[in-house]
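Every chain is numbered from 1 and lettered A, B, ... according to where its sequence line falls, protein lines coming before strand lines.
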2 protein chains.
Amino acid sequence: METTIDIKDDVSEIILNSAKTIFARYGFKITTMDEIAQAARKGKSSIYHYFKSKEDIFKAIVEKEADELSAAIAKAINAETTSKKKIRAYVLARMKGINNLTNLYSALKDEYLEHYSFIENVRVKYDTEEVNTIKGILKTGVEDGEFKIEDINLTAFALVTALKGLEYPLFIKNNNAKTEKRFEGLLNVLFYGIIAR
Amino acid sequence: METTIDIKDDVSEIILNSAKTIFARYGFKITTMDEIAQAARKGKSSIYHYFKSKEDIFKAIVEKEADELSAAIAKAINAETTSKKKIRAYVLARMKGINNLTNLYSALKDEYLEHYSFIENVRVKYDTEEVNTIKGILKTGVEDGEFKIEDINLTAFALVTALKGLEYPLFIKNNNAKTEKRFEGLLNVLFYGIIAR
DNA sequence: TAATCGACCAAATTGGTTTTTCGGTCGAAC
DNA sequence: GTTCGACCGAAAAACCAATTTGGTCGATTA
């Protein structure tokens, strides 16, 4: 994975990784630039040669994690053939992925960071990306005659919203085989509805 | 509606209504007992003859509003015959009802009040009530052979969660005929699923 | 030219003190 | 039973000095 091209950004990478650990442990506010610099074995001024602000570093880390989750989800989706399976893969990958990057991604839900506009930007960006991903799957499903949906946009939005709401009470708390079975049941509601036939 | 029995609680009612307006406008924290007393044309000490604390007043107001919403929803449900129509009536009544009591009910979502245990109690109480209502409808629907659901508890919970998530972006913002049509589409997903047949 | 850093600054934060406000009590009066 | 003025103690607000800290700059290194 690592090529020689990365060498140029070597220091940036070191700074980012150092900062990542400290941010994860102590949060954005308390972490100081001096601490980051110290962890990276650099003078504080040197950090500013690579990043223009503390926010900038944090932003880079969060965005990187968001990208990693996106990639993991995309990979899971592409591995499936039918749209139905893609939806299922999406939910599963999302659930498992979020557990991994609890550290910084949880920052999106941190009340203190609520007011930082740059975090809000990341949130909005990731939210729309998420909706678009689902929308894409639904659209393909409809075109292939696999799905039948009145309003794709609305359905995609509702699905993401519901997923986000269920995320914490269902997935985060206990993430095991039993949990998987439970959301399997919910997916069946989505696929087949609750009306008997 | 008003009977002579109410006369005894006349002053309580006055205090409650005065407080309600002030709380709605300025929120729980900023509102002072003196202001409430002044609006009720009473001395501050007099208030304590009817309510034991500021929290107590607020609690009474919020619980009253919650009860009103519950009653409105129950009425709407009972007016319908089939379980499917009951679900639809529930969503509609909930959407319209919440718009009415934006004032204090919004307190449930106020970040400042998050930490007050008495508010948490109201929230939990209303949440479980809501889930139970839906659960009741679903259960009856299944028993009558109208619905077919694997896990009623989970489905009810998911439905309420989704509804709560969609509440703000869909309903509150623009509450009109077009909105009704939109969630009609979502209800169809719930009823019939997205799989084509 | 790219990278590093010590010295420095202004703004924000912190810690501690004082003042004010406010929820709540009490006893008296009606 | 109801009302209220006077009062209390704890919490919040206001204030201020000391310190921290995000960020800049010029010089130095390589």
Do the side chain of Lys44(B) and the base of dG24(C) come within less than 3.5 angstrom through a donor-acceptor pair of N or O atoms?
yes
Side chain of Tyr50(A), heavy atoms from C-beta onward: which of dA3(C), dG23(C), dT3(D) has the nearest atom to it?
dA3(C)
Under 4.0 Å: is that the gap between some side-chain N or O of Ser45(A) and OP1 or OP2 of dG6(C)?
no
Looking across every strand, which nucleic acid part, if any, lies under 4.0 Å from Thr32(A) by heavy atom: base, sugar-phosphate, or nothing?
sugar-phosphate
Determine the interplanar angle of the Phe58(B) and Phe23(B) rings, folded into 0 to 90°, and report it as parallel if under 30°, tilted if 30 to 60°, perpendicular if over 60°.
perpendicular
If we only count heavy atoms from C-beta on, is the Lys125(A) to Asn121(A) side-chain gap below 4.5 Å?
no
Close side-chain approach of Glu180(B) to Lys96(B), heavy-atom, < 4.5 Å
yes
Check whether any side-chain nitrogen or oxygen of His49(B) sits under 4.0 Å from OP1 or OP2 of dT3(D), and answer yes or no.
no
Step by step, work out the side-chain contact (heavy atoms from CB on, under 4.5 Å) result for Ile14(A) and Arg41(A).
CA-CA 9 Å; Ile14(A) 290 175; Arg41(A) 305 194 178 220; over 6 Å; no
Rounded to whole angstrom units, what separation is found between the CD1 atom of Ile30(A) and the P atom of dG22(D)?
12 Å
From the candidates dG23(C), dT24(D), dT4(C), the one with an atom nearest any side-chain atom of Lys54(B) is dG23(C)
Using whole Å, what does the distance between atom C1' of nucleotide dG24(C) and atom CD1 of Ile57(B) come to?
12 Å
Among dG23(D), dC25(D), dA2(C), the one nearest Ser53(A) by side-chain distance:
dG23(D)
Taking atom types as modelled, find out whether Glu13(A) and Tyr50(A) have a side-chain donor-acceptor pair closer than 3.5 angstrom.
no
Give the rounded distance in Å between these two atoms: CG of Asp34(A) and C1' of dG23(D).
11 Å
What residues 35-43 of chain B contributes to the DNA chain C interface at heavy-atom separation below 4.0 Å is none
Is NZ or CZ of Lys84(A) both nearer than 6.0 Å to the six-membered ring centre of Phe191(A) and within 45° of the ring axis?
yes
